[in-house]
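Residue numbering restarts at 1 for every chain, and letters A, B, ... go by the order of the sequence lines.
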Amino acid sequence: MFLSPRQPHGGRPYNGPPVTVPARHQLLPAREVDPRRALPAMEQQVLERWREREVFEESVRLRAGAEPWVFYEGPPTANGRPGSHHVLSRVFKDIYPRYKTMRGYQVQRKGGWDCHGLPVEIGVEKELGIGSKAEIEDYGIDKFNAKCRESVWAYLEEWNRLTERIGFWIDLEHAYRTLDPEYIESVWWALAQINERGLLYEGHKVVPYCPRCGTALSSHEVALGYRDVVDPSVYVRLPLHFPAGPLQDGDALLIWTTTPWTLPGNVAVAVAPGATYTRARVNGEVLVLAEDRVAAVLGEDAQVLERFPGSALVGQHYAGPIFDTGQAGEPPIIAGDFVTTDDGTGLVHIAPAFGEDDYEAAKANGLFDPHDPKTLFNPVKPDGTYDERVRNYAGRSYEGRFVKDPSLTKELISDLEERNQLFLKNNYEHSYPHCWRCGTPLIYYAKASWYIKTTAVRERMLAENDTVGWHPEHVKLGRFGDWLKNNVDWALSRERYWGTPLPVWRCAAGHVHVVGSFAELHSLSGVTLKDPHRPFVDEVRFPCAQCEQPMRRVPEVIDVWFDSGAMPFAQHHHPFADPGADFANDRERFPADFVCEAQDQTRGWFYSLLAISTLLWDTTPYRNVVCLGLILDADGQKMSKSKGNTVEPWAVLDAHGADAFRWYFFTSKQPWDGYRFSEEAIAEGVRQFLKQLWSTYFFYGLYAKANADALTQATDLLGGVGPRDDDLDVWALSRTAAVAELVGERLDAYDATTAGRAIAELVDELSNWYVRRSRRRFWDGDPAAFATLRTCLLTVSKLLAPFCPFIADEIYDNLDGTLASVHLCDFPAAADLPTRDPELEDAMAIARETVRLGLGARGQAKIKVRQPLSEAVIVASGRERAAIERLADIVREELNVRQVRFVAGADELGEYEVKANYRTLGPRFGKHMPQAADAIAALDPAHVAKMVREEGQLGIAIDGRDHTLTPADVLLTMRPPEGYSVEREGAHAVALDLTIDADLLREGHAREIVHAVQSARKSAGLQIEDRIELSLSGDPALVEAAEAHSDYLIGETLTVDLRLGDDGAAADMEHREQAAIDGLSLLIALRRAEPA
RNA sequence: GGGCGAUUAGCUCAGUUGGUUAGAGCGCUUCUCUGAUAAGGAAGAGGUCCCAGGUUCGAAUCCUGGAUCGCCCA
């Protein structure tokens, strides 16, 4: 039964620390409710209670042995202050685990911290006032890394505080940390596994590189250093030795470059295979270039001799190399899909060591072996100077010359000129990246780098991705699927210091050994590392198994995304802590049922998780992913510290509370669409929802206290409250059940937004309809009303628990408290919920609509609702009429009329109009729909109404053919007559009789007087249950009205002694007020009556 | 340049498989109710559903093209 305490299924009884649950009658709340309670302060108290009762721990313990539901925490870095976007992801990481726990699953939540990486290093560099790798090495890698280790935790305390404050339940005490030796060992193990499959290799990566600092720059650093510069723009002839296809003797290819220093690295020329190329004659020579570029490059006088597609050039060779570098053979023309004809000549010189497109194109055409770094032709040394191979054809060496030296550029160009290969030179102004530290122009430069051959599992990753539930759905095939389709091998290594060391050792002969555990390293070298970080690990050497030469570790550390992507197993120190475990089939640990991060993680964590798990176990590491959008400020601007438009989480929490913060994120919009964040929006949620809920809860508490005696005796309602006789009770319970079903269904679909909005709607209905219409019964102490509202509130508190865990727990604890927290309860399931009565839900909707129309009619006539009227005339028939008749009392009271009368037809109130129902007839008539609609509109509405009512069908001729229409096919609409106070909508209208006779007027006055007395009671500071002595004097009409309705007056105002028209009595009362009613004056005097 | 998403009232957002006159909240104006609610209710003002084509009896919704904004990539 719904109200009875239940054992949560799938777990043991509560056996945590002793919990004090106040002994009390169940319909009575444990504590009084403060209507103006500040929510943040309330939340602090709830937090305290959670700590005392160990509610989080217990909520997990309780489900021991139950089916696991696995959550992975994507680790944040604690070296920066947490912001609002962290609150966003953390509350979404909280709501679903809470929900699933209440559904009976066991949800372990292990926290985690990402500790390595460039952001940490940069923070330390700033702190030390240094900015280059040389300076770090001068400072000492050991000391530098020690600083990094420290600074990782700079804001740990604030992270922990914020995590607790927002109600994010996660085990921070046993959080995994990517810097721990155990974690690193698991990462090593994974790399060794990948290596055993032959998927770890050394290749090249073309990176923005500062030749002076000798360091690669991150894209962020590159963005810091763009400057407008003037570079030479040179067009170079490449003669042909053996022209073929469309090419002829004496033709030359024409290429364009703004970086002449890359020409010695040339190994090919790329063309766009689909574009049109020409042989064009200008000044007696024939040049080959894209047709689109002829006029711009050769001038208007150039003569196009022949056109052909770029593909006709592919496979031909030109005379080369451009500079004498000792390269053998003639370089080829290849296809490049990146080649455009927007600038240059449509023929692009390819130097694979100096451009990413170049590198990929050369690799794709087999111009070097990507798995053998030595085969990539790179004549530039890491210090930015040419090596001994570069010379001109006169034999002059360029060895040792710095490639960005302007005088070198001049020499290279004049060398081309001397050989008659320079076609044109001018200047080119463009934005070019420079080193943000030293100002040197950056070069794109192929660095040796370690790769994981993820392309080997690309198809597998795509197949696995297909099984993942992405939210929003479009990420699967869109952003993420697209990324996977274009997957390239994972560049794993970083030439940095603070990171998981790459466990690769190599000897002078180039033999490679990948170490997969500390034990293995010990057995090879005899060394036991206390700290596996650099520089200690760098010192470990051991003899090569093949050649006996010493093996030394390569200097790189690994990409931090590999760290975090390894968390499914590394957080458990698998396989070292659980030898022999079948991890991939361990339902308690793998795969995750749920992960949740911001959308930028598609290329970050979501990818690294999938890649690693696919490499190791051929399977996805997660089943459902929720992607969160970006938080913008109220003007749609990205939040950033420099703009000063960030919203500090603490300010929001202090002012509005965690529930309000959470509620905003859950319900203001679908989370992946991003937010326009403002405190005002959060405050609105508080007013609209949290305060309304609190106020309903307060109302319950207030009247429960006032009726404590009656409720204490009403024990029969507690065993199990079935459907009540009262329509409002049944309706409220039915609506609650309906919303509970919907909320469960939506949360199962990871749609917290729709679920939350449904809860808000329910609370609104309870507050503004159920309670509003049931006040009298609460005033009278009707236990059924209390039991109903209590059931609804408790159900709401359970539905709301995953969303707003604080207010939900406060309400539960005070109204029920059987368990130590609402978070130990089961989520309301169908079997626990009150019975649905869809017919009544429907009827109530119609009744409310009728009331709305009636109030509209009153508004038109400008007659206050307090003034009773004799009659409301309602036009309705069939289902609607039955609904309103069933709920006539509610309609009557709400409209304040003495009776409601029904008229079946329009006859008395107006006329019908008849229209076709497009929805049913459209599919039937198709193209003939307009004729059908016309024919129906031409019918006599009264006849249609009669036929529909009496026959249930209607014959009609359309285009000379007979058709039978059902009542659903026609829509009857009211048209009101002139001069009536009528509100209408659809087939439905309400008219009010506006005659106010003396009797009605007296009753209206009586109600006004009661209202005035109630205000006086309130301003006199009386409690709602206080009895009073009351004296009314003044205008005779008012006194007369009070007399005529004295029973009503006495009952409403709790008067034990009523004096009318007695000025003397008024003089004795402490509290006197002058009231004006309908322009008449009334003196109200009252005092509290002593209890008998 | 490519991929993805968004565009509906002054603002924040709903809008189910295409169906009659496109909704809510906030804000504004007027009125009103209230012994729970700095709340609620009624009425009013406020819309080329980004634009242009197309499909259809019928398009905010489906298709094509374009614009603007955002994110990611190049």
Side-chain angles (χ1 to χ4, degrees), chain A residues 33 35-36 219 338 340 342 356-357 472 474-475 477-483 485-486 598-600 602-604 627 629-630 632 634 636-638 664 667-670 672-676 678 680-681 683-685 687-689 691-703 706 753-754 757 760-761 764 767-769 771-772 775 778-779 851-860 862-866 894 896 915-933 971 973 983 985-986 1010-1011 1013-1019 1022-1026 1052-1054:
Chain A
V33 181
R36 298 197 183 279
S219 57
F338 57 92
T340 70
D342 297 337
E356 188 163 2
D357 282 335
H474 60 75
V475 177
L477 297 176
R479 184 173 290 207
F480 196 60
D482 190 58
W483 162 257
K485 248 186 252 166
N486 298 315
Q599 245 175 34
D600 54 13
T602 38
R603 276 136 172 103
C627 299
L630 217 71
L632 306 174
Q637 298 289 307
K638 195 170 172 174
Y664 167 77
T667 59
S668 71
K669 59 194 305 192
Q670 292 290 352
W672 35 83
D673 289 338
Y675 295 83
R676 285 208 172 191
S678 69
E680 190 39 52
E684 191 178 318
R687 278 198 306 275
Q688 296 252 303
F689 176 65
K691 281 288 184 190
Q692 192 176 37
L693 173 61
W694 189 263
S695 160
T696 308
Y697 160 62
F698 164 68
F699 173 90
Y700 179 91
L702 181 69
Y703 282 90
T753 308
T754 306
R757 286 174 176 175
E761 204 178 310
D764 184 67
S767 171
N768 287 323
W769 191 245
V771 167
R772 173 185 161 85
R775 275 202 195 103
F778 286 97
W779 184 236
V851 166
R852 199 176 69 76
L853 293 174
L855 290 175
R858 263 189 185 271
Q860 274 192 357
K862 296 209 182 287
I863 296 177
K864 290 181 165 191
V865 178
R866 261 201 297 269
E894 189 68 16
N896 195 18
K915 281 184 178 175
N917 183 355
Y918 282 79
R919 192 190 279 271
T920 61
L921 295 178
R924 214 166 119 192
F925 287 100
K927 273 196 177 102
H928 304 292
M929 191 57 213
Q931 292 95 304
L971 297 169
T973 311
E983 281 292 309
E985 191 161 294
V1010 166
H1011 175 55
V1013 173
Q1014 303 291 34
S1015 302
R1017 280 184 61 115
K1018 206 173 188 175
S1019 59
L1022 299 182
Q1023 299 291 305
I1024 59 164
E1025 64 270 26
D1026 284 339
E1052 288 297 304
T1053 59
L1054 296 187

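Using cut-offs of 30° and 60° on the angle between ring planes, the pair A:Trp779 and A:Tyr703 is perpendicular. Below 30°, between 30° and 60°, or above 60°: for A:Tyr697 and A:Trp694 the angle between ring planes is above 60°, a perpendicular geometry.
Salt bridge A:Glu894/A:Arg775: absent, no basic N to carboxylate O contact under 4.0 Å.
Donor-acceptor pairing under 3.5 Å, judged by distance alone, is present between the side chain of A:Arg775 and the base of B:rU37. Under 3.5 Å, the side chain of A:Ser767 and the base of B:rA39 form no donor-acceptor pair of N or O atoms.
Between A:Gln688 and B:rC26, a side-chain N or O to OP1/OP2 separation shorter than 4.0 Å is present. Side-chain N/O atoms of A:Tyr697 include none lying less than 4.0 angstrom from OP1 or OP2 on B:rA36. Within the structure, every side-chain polar atom (N or O) of A:Arg603 is placed at least 4.0 Å from both OP1 and OP2 of B:rC72.
For the C1' atom pair drawn from B:rG44 and B:rC4, the interatomic distance equals 42 Å after rounding to whole Å. Straight-line distance between the C1' atoms of B:rG10 and B:rC57: roughly 37 Å, to the nearest whole Å. With both ends at atom C1', the span from B:rC63 to B:rA59 equals 11 Å, rounded to whole Å. Comparing B:rC49 with B:rU61, their P atoms sit 10 Å apart, to the nearest whole Å. B:rA9 and B:rG23 have their C1' atoms separated by 10 Å, with the value rounded to a whole Å. Comparing B:rG66 with B:rU30, their P atoms are spaced 50 Å from each other, to the whole Å.
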Bracket string, RNA chain B, 5' to 3' - pairs by Watson-Crick or G-U geometry under 3.5 Å, | interstrand:
(((((((..((((.....[...)))).(((((.......))))).....(((((..]....)))))))))))).
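When the nucleotides B:rG19, B:rC4, B:rC26 are ranked by their closest atom to the side chain of A:Tyr918, B:rG19 comes out on top. Considering only the side chain of A:Arg479, B:rC71 comes nearest among B:rC71, B:rU37, B:rC26.
If you measure from atom CH2 of A:Trp483 to atom P of B:rG3, you get 17 Å, rounded to the nearest angstrom.
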